[in-house]
Amino acid sequence: MEKEVNMPRQTNILVIDDDVARLKTLSAGLQDMGHRVTTAITGQEAVALFRKQPFNIVLAGVKLPDVSGREILETTKELNPEVAVIMITDRANLEAAVNAVAEGAYAYILKPEVMYELKTLINNALREQELLIRNRKLVDSLQRSNSSLEETNRALEQASRAKSDFLAKMSHELRTPLNVIIGFAELMLDRVPGEVNEEQRQCLDDILTSGRHLLGLINEVLDLSKVEAGKVELRLKNIALSEVVESVTSAMTAVLSQRRQNLDVDLDEGLPLVQADEARLRQVFFNLLSNASKFTLDGGELKIEASRRGNWCQVSVSDNGIGIKKEDFKPIFEPFYQADNSIARERKGTGLGLTLVKEIVEMHGGQIWVESEYGKGSSFIFTLPLVAASKTLS
Ligand code: ADP
């Protein structure tokens, strides 16, 4: 690549001078250097030539009898912005030459040193032109890639919205008949329409378990698709974390005591209020705590901790359960992913809980991640913005 830039291309040079003798000398000198040279005696002739064929270097006297060097400069630049116009001048017209450079000419050469300086000047001009052309090509191709990326992004966003809309509608339509199925199974189990024998009772139990599982799945799909379609708006309030934790843990008491699992809650004293949507935050705690219980054996230990980290509150929900392998740390937050373990299979999760939790935490501006040692336990850690760094709970 470097080499290419250092090697000037063969050049098409247009030389304009009303002094025919000098024109010939210049032209011969440039041809000796290996350039292709065309000559013009008047400015008009030069402009006509320039319109017909491309030149990359123009050598022009500052004062021509018919047009000024400045007009030559304007016309050539208009036809080819990259052209290098080198003005040839004597001391008497030096000011005009300097002005021409200020207006975009590449350089000027003082007579009579013309041939001496010309070689270097032309080579430099050619290198710069090469770089300019290459840059323009790069910018062009970047712009093309950018706009095709933008188009792809737009299409992807549209497809994703359409998918979320479809899922939201479909889930909604599925819920109504499913609730009817669950309702009638419950009625029959309660013997409202009449007695059922043991075999029928078991069948009804199966219908109910599967129906409830399916309803849970549909509700989560509906929730997630609403979040993804941007249809969920957070109702942010200033909340005491302790109250949310309290309400979730009391709702979980029966499940935890049935499994003889101990829950330890350790919230830093004086933790400032967090800014969050209360119902959504409860959903986060509920999902994480249910998972902690679900993936921990009977008699296990669960813990909720919260502390202040600058303007953030950091919360962790931990267990000493089955743990998670490193390779599953990322995918467990993706929809429908369940790490390959017997508990996940046995307890029939949906694989959507953590995806929803992550979406909710991120909608609040926070982050969530997992730390775990396989076989020893897991901690799900997330952050929430504090209302005001200075405001503390009394
Ligand atoms: P679900 O619990 O319905 O399967 P989630 O999205 O809540 O779906 O969790 C995805 C997967 O992450 C689970 O199937 C499980 O493999 C793993 N996981 C989640 N929480 C824990 C935990 N506390 N301990 C071990 N594994 C967990």
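Counting starts at 1 for both ligands and their atoms, following the listed order. Residue numbers run from 1 in the order of the sequence given. Everything numeric in this text was worked out from a predicted model, so none of it was measured.
- With a 4.0 Å heavy-atom cut-off, ligand 1 is reached by the backbone of L354 and by its side chain too.
- Remark: ligand 1 atoms within the under-4.0 Å shell around heavy atoms of G323 are 25 (C).
- With respect to the salt-bridge test (charged N to carboxylate O, under 4.0 angstrom), the residues K358 and E362 qualify.
- Interface of N291 with ligand 1, defined as ligand atoms under 4.0 Å from a residue heavy atom, comprises 2 (O), 5 (P), 7 (O), 9 (O), 19 (C), 20 (N), 23 (N).
- An N or O contact shorter than 3.5 Å links K294 to ligand 1 by distance.
- Salt bridge status for R136 with E82: present, with a side-chain N to carboxylate O gap under 4.0 Å.
- Less than 4.0 angstrom separates some heavy atom of Y337 from each of these atoms of ligand 1: 10 (C), 11 (C).
- Those atoms of ligand 1 with a heavy atom of G353 less than 4.0 angstrom away are 5 (P), 6 (O), 7 (O).
- A salt bridge links D19 with R22: the closest approach of a Lys/Arg side-chain nitrogen to an acidic carboxylate oxygen falls below 4.0 angstrom.
- Residue G351 places a heavy atom less than 4.0 Å from ligand 1.
- Salt bridge present: E198 and R201 bring a charged side-chain N and a carboxylate O closer than 4.0 Å.
- R161 and D165 are not joined by a salt bridge, as no carboxylate oxygen comes within less than 4.0 angstrom of a charged side-chain nitrogen.
- The closest approach between D319 and ligand 1 falls below 4.0 Å for a heavy atom of the residue.
- If you number the atoms of ligand 1 from 1 as listed, the ones under 4.0 Å from a heavy atom of S378 come out as 24 (N), 25 (C).
- Contact annotation: for F333 versus ligand 1, there are no heavy atoms closer than 4.0 Å.
- Near A339, meaning under 4.0 Å from one of its heavy atoms, ligand 1 places the atoms 14 (O), 16 (O).
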